[in-house]
Amino acid sequence: MPKYVYDFHEGNKDMADLLGGKGANLAEMTTMGLPVPPGFTITTEACRAYLATGAQPAELADEVELHLHGMERRMGRKLGQVDAPLLVSVRSGGRYSMPGMMETVLDIGLTDESVHGLAAWTDDHRLAWDSYRRLLHMFGQTVLGIDPTHFTAALADAKTAKGVTGDLDLDTADLMRLAQRFKAIIREQTGRDFPQDPHEQLDLAIRAVFNSWNTERARIYRRAEHIPHDLGTAVTVCAMVFGNLGMDSGTGVAFTRDPATGRPGAYGDYLADAQGEDVVAGIRNTLPLAELARLHPVPYAQLTEIMRTLEHHYRDLCDIEFTIERGRLWMLQTRVGKRTAAAAFRIADALRAEGLIDDDEALRRVTGAQLTQLMFPRFSADTSLPRIATGVAASPGAAVGQAVFDSATAVAWSQRGIDVILVRQETNPDDLDGLIHAQGVLTSHGGKTSHAAVVARGLGRTCVCGADELEIDPAARRCTGRGGVVVTEGDTISIDGTSGAVYLGSVPVEPSPIVEYFQGRLQADADSLVRAVDRIVRHADNRRHLGVLANADTPADAQRAHQFGAEGIGLCRTEHMFLGDRRELVERLILADTDTERAAALAALLPLQRADFVGILTAMNGLPVTIRLLDPPLNEFLPDHTELATRVAVADATGHPDPAATRLLRAVQRLHEQNPMLGLRGVRLGLVVPGLYDMQVRAIAEAAAQCAKDGGQPEAEIMIPLVGDARELAVISDRAATVLAAVRTETGIALPHRIGTMIELPRAALTAGRIATWAQFFSFGTNDLTQTTWGMSRDDVEGAFFPAYLDQGIFAVSPFQTIDRDGVGRLMTLAVREGRAQRPDLTIGVCGEHGGDPDSIHFCHDIGLDYVSCSPFRVPVARLEAGRAAIGESTTDSR
Ligand code: PEP
Ligand code: MG
C-alpha cells in the first residue's frame, strides 16, 4: 500500500521527486538536528492520484490525522484547541521550484473561538487577530477562490478610516473589525460561512494546493521552464511559529553567498515583527541581514553557524527562510539557491578551491547557456528610454548604433567610424557585408533561424528579429514603432538580443570580460569570474572526447575561432566568395555559351578563390580546414528578377534595348525555381555546371601548395554538399582526384587532401554505408537534414507556425535549435553505424547550427561523433558542454 505522508524526520534531501524540494529539504534539516518546527509532507503521488481521479486517495485522510497527532504530541497543543491552539501552515512544493506559482495558506486552525485562546496563550491579542484576518484573507482567496481585491480593498478602507498608512498602525480593535468584515466577504461571495472546524480547514487547504498545480499561470510557467505537467506537487504541513510577536520576533530570507555575484558572505533581508509573506510582498522595507547581528546577536550567531553547516552539507549555495519567535530561531525552508550565470561560475570555482567539490563537480555546476550569457556585452542598467518594439531575442547581446536601412549604408557609415544597427524587414545573403559592419541587426520578419538570426549568431552580432510592431519603410529610410514613434535613418537605437527589447536612444553597454579574456586582452587571473571560467573550461577540455571546430569563412573569423579554442575549421562555406564585385564573374560563368567563355570566367575566379583559401589556411596553420564546395543555387548570385525585367522593359520601350541585360534576364528566368532549396544546388551544381567544382578543388590544392612552399602546414579537406546518392559523390571524387593529381605534378608538392561529404538529406543518411565508400569523413548538415526530414522550410516556418506548435506542446523546443533525437537523431545514429561499418576510420562530425547547441552537443557525444563544428562565438560553450557530456552530466540545465 503506498505511503502518502512522511513526517519530517522520515525523509531526506534525495526524496525531492516524492516530497518536493521543500519537503525533502525540511526533512533533511530535521535529520541534521537543525531547529525545524514539527511537520509532515503529503507526497506528489497523492497529488497525482487526486488530479487523476478528482478525489483524495482513500487512505490519505487517516494518514494525515495520524501525522497530525504526532505533531500535536510534540508541540503539546492541538489543532482547534480552545485555549492554546496549534496552528499550521500548508504549503505547496513540487520537484522543481515554481516561485509564486502555487498556493500557501498560513494560520490554519484559527476559529472564532480559538482566536481568543491564541490571544491568551501568546498574551498578545493583536497577534491573534492579525493572524485571524490573514487566515480569512488567504483562505478566502486561495481555497475559496474569492477575488483578492475584496480583501485588499477592505484593508485599505480600514486604514483610510483610521487615517494611517501601515498595517502595523492598525490596533487590535481595528483587526477584530477587519476579521468580521472578511468573514462577511466570504459569506457574500460564497454563500457559506468560513469553516469553523480546523480539520475541515486543513482538508480544504490541502485540496486547494493540489488544485493549484493546474492553474493557468502554473501551466504557463511549466511550459516556459520545460517542467513536465504530470509531476504534481507535494504539500507540506508545518506547525506555525510566529515572527509577528513583537520586536523580538521577525522573519527573513538569506543566502549563504551572494546569488547575484557569487561572492562569499551571508546575504539576505530581515523584517522585524512580521510573517514570511511580508518579506516577499515588499510591504515594508527590509533590513540587511547584517543589521540582525546588532538587533539579535544570539539568534544571528546561531543563524550564521547553521548557514555554514548547510553550505558544507549541501556543498553548494543554499537559500533559506527563517523566523525568530521571541528570540528563538526556527528554520522554515532551505534549498540549493538559484543564481546568476556569473555567480554559478564563481561559486563552483570557490567551492572547488575550498575543497568541498572536485573539478568534475565544478564542471557539472555550470552550463553552456550560462557561459553564453557571460559572453555577450550587456546593457549596464535598467533604462527609462522608450521601448519602441519587442521582437524575438535571436542572438544575445546589447547593441547601440544609428539606424540604417540598407547594407551599403551600414558598410559606408561603419567605415566612417559610426556604429550602426542594420534595420531590415528581413535579410538575405546580400546583406552579409552589412551584417559584418553593423553592431547588431533588427528585423520585423522571421524567427530564430531566419537568415538574420543565423548569420548574426555566427558573427557574434546582436540580433532582434521578428519585431512585427515595427513598420519598416526601407525606401523612406525610416520605421515606425510602438506608440507611433518614428525612427529615421541616423537616429540612435539600442537593441537587447537577450530580451528582444528595442529602445529609442542610447542605453549604456559594457563589454564582456570573458570575451576580452578569450581574445587575449585580459589575463586569466584578472578577476575571480575570468579565473573561474578559465579553470572550468580548461578542465572540460581535459575531459571531453568530442573535438570542437568552428564554422568560419574568412581569415578574421578563423582567427577568432582559434582564440576561442577551436581546433580547426569544420565548415568553411564558399558562397560568400562569389558575392560582391565577383558577381560579375559568376554572371559570365552562367551566361557562357561556349567552353572557352566558361573557361575564361572560371580562370578569372581561380586566383581570387586561391587567395581566399591561402588566407584561411594561413590563419589556421597546422589545423584542419574543411572547405565546402559551392552549395546555393546559382540564381542567388544573379540580380533580382523584377528589377532586371523592369530595366529590360524600360530599355526596350525607350528604343535603347540592352542586349546584355536581356541575356541576363533570360538566364534568371531559366534558372528560376519554385523551391530552390530542393533544386539545383550542392553536388547537383557540381555535376551540371562544367568546371565549377574542378576550379574550386584546384584553388584549394594550389593554395595549400603555396602555403606549404612558404613553410606552412596547410591541412585542407574538401567537402561535398547535399549528396543523396553514392554515385554523385563517386563522380565528383574521381574528378577531384584528377585535379589534385594534376596540381601535384604542376607544383611538385604532394599534400594529402581528404575528401568527404555532408550528410544533410535523409537519403544520404539511409544510404550512408554506400556513401562511405567514397567519403573519408561525414559532416552532418543538420540544418538541411532537419528541413528535409520534417519537410519544413528552415527560412519560413519559424515565423509561420512555430509559435503555435510550441504553445500546443507539439515541440518543446524548435528542431532547428536542438536536434530532434527521435527523428533526425535516428537518421544520424543509423548513418554513424552504417558509415563506420563500411569504413571503420571514418571521421564523423556535425556542422549545422546544432553544433553549438548544448543539448545537441550531448546527443553528438552520445552517438559517438568525433567532433562538433559551430560558429566561433559558440566554441567555448561547445568545449564546456562536450566536457560535461563526457563526465556523464545528462542535463544541460542548471535547475
Ligand atoms: C546544414 O545544412 O546544416 C549546413 C551546415 O549547411 P548550410 O547551412 O550551409 O545549408
Ligand atoms: Mg546545408
Side-chain angles (χ1 to χ4, degrees), residues 427-429 432 446 448-459 549-554 557 561 569-579 625-634 636-637 675-686 696 717-724 728-729 756-765 771 777-798 814-820 823-825 827-828 831 844-853 856-857 859-860 865 867-872 874 878:
T427 62
N428 60 47
L432 183 66
K448 278 194 174 166
T449 51
S450 62
H451 178 267
V454 171
V455 177
R457 280 199 295 275
L459 295 169
L549 284 75
N551 296 354
D553 309 346
T554 64
D557 252 11
I569 303 295
L571 172 63
C572 170
R573 293 181 170 102
T574 53
E575 39 270 26
H576 78 102
M577 301 170 185
F578 291 75
L579 292 169
V625 177
T626 308
I627 300 169
R628 183 183 73 184
L629 305 189
L630 193 68
D631 179 18
L634 283 179
E636 281 202 8
F637 305 98
N675 287 313
M677 276 306 209
L678 301 178
L680 179 56
R681 55 171 285 217
V683 70
R684 301 162 196 167
L685 273 179
Q696 288 200 291
E717 306 193 335
I718 297 163
M719 182 155 74
I720 316 298
L722 215 77
V723 165
E728 293 171 317
L729 190 60
T757 183
M758 298 192 64
I759 301 289
E760 49 185 347
L761 294 174
R763 194 176 190 287
I771 290 177
F777 62 89
F778 283 175
S779 180
F780 287 105
T782 45
N783 303 333
D784 273 310
L785 191 57
T786 301
Q787 155 167 276
T788 47
T789 300
W790 281 86
M792 288 175 179
S793 159
R794 64 200 246 200
D795 295 312
D796 303 315
V797 288
E798 292 225 63
S814 158
F816 287 105
Q817 185 182 324
T818 293
I819 286 175
D820 143 43
V824 173
L827 285 170
M828 292 171 71
I844 311 181
V846 64
C847 67
E849 277 286 297
H850 304 86
D853 167 68
S856 310
I857 292 167
F859 176 70
C860 292
L865 296 198
Y867 69 88
V868 295
S869 185
C870 56
S871 48
R874 299 174 91 183

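Both ligands and their constituent atoms are indexed starting at 1 by order of listing. The shown structure was predicted, so the numbers you read here are calculated from the model rather than taken from an experiment.
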For ligand 1, does R573 get within less than 4.0 Å through its side chain, its backbone, both, or neither, judged by non-hydrogen atoms? side chain
Note: heavy atom closest to atom 2 (O) of ligand 1, options V846, T788, D784, L571, belongs to D784
Looking at Q787 and S793, would you say the former's side chain and the latter's main chain have a donor-acceptor pair under 3.5 Å? no
Within-cut-off N or O pair, E575 and ligand 1, under 3.5 Å: no
Any atoms of ligand 1 less than 4.0 Å from a non-hydrogen atom of G781? List them with their elements. 1 (C), 2 (O), 3 (O)
Under 3.5 Å, is there a donor-acceptor pair between the side chain of T554 and the main chain of D557? yes
Looking at E717, is its backbone amide N or carbonyl O close enough to the side chain of T626 to form a donor-acceptor pair, meaning the two atoms are under 3.5 Å apart? no
Within less than 2.8 Å of the Mg ion (ligand 2): protein N, O or S atom count: 2
Between T818 (side chain) and S856 (backbone), is there a donor-acceptor pair under 3.5 Å? no
Closer than 4.0 angstrom: is that true for some heavy atom of H850 and an atom of ligand 1? no
What atoms of ligand 1 come closer than 4.0 angstrom to any heavy atom of D631? 10 (O)
Is the backbone N or O of P721 less than 3.5 Å from a side-chain atom of R681, with the two atoms forming a donor-acceptor pair by type? no
Between the main-chain N or O of G679 and the side-chain N or O of R684, is there a donor-acceptor pair closer than 3.5 Å? yes
Proximity to ligand 1 by part of N551, non-hydrogen separation under 4.0 Å: neither
Donor-acceptor contact below 3.5 Å, side chain D631 vs main chain G682: yes
Is any side-chain heavy atom of N783 closer than 4.5 Å to a side-chain heavy atom of H850? yes
Closest contact, heavy atoms only, V846 versus G851: CG1-CA, 4.0 Å
Atoms in ligand 1 flagged as close to C847, the criterion being non-hydrogen separation under 4.0 Å: 5 (C)
Return the option from E849, R794, M677 holding the heavy atom at the smallest distance from atom 8 (O) of ligand 1. R794
For R794, run the side-chain hydrogen bond (donor to acceptor under 3.5 Å, both in side chains) check against T788, T786, D784 and tell me which one passes. D784
On a heavy-atom basis, I'd like to know which of M758, E760, R628 is closest to atom 7 (P) of ligand 1. R628
Can any side-chain N or O of E728 pair as donor or acceptor with the backbone N or O of V683 at less than 3.5 Å? no
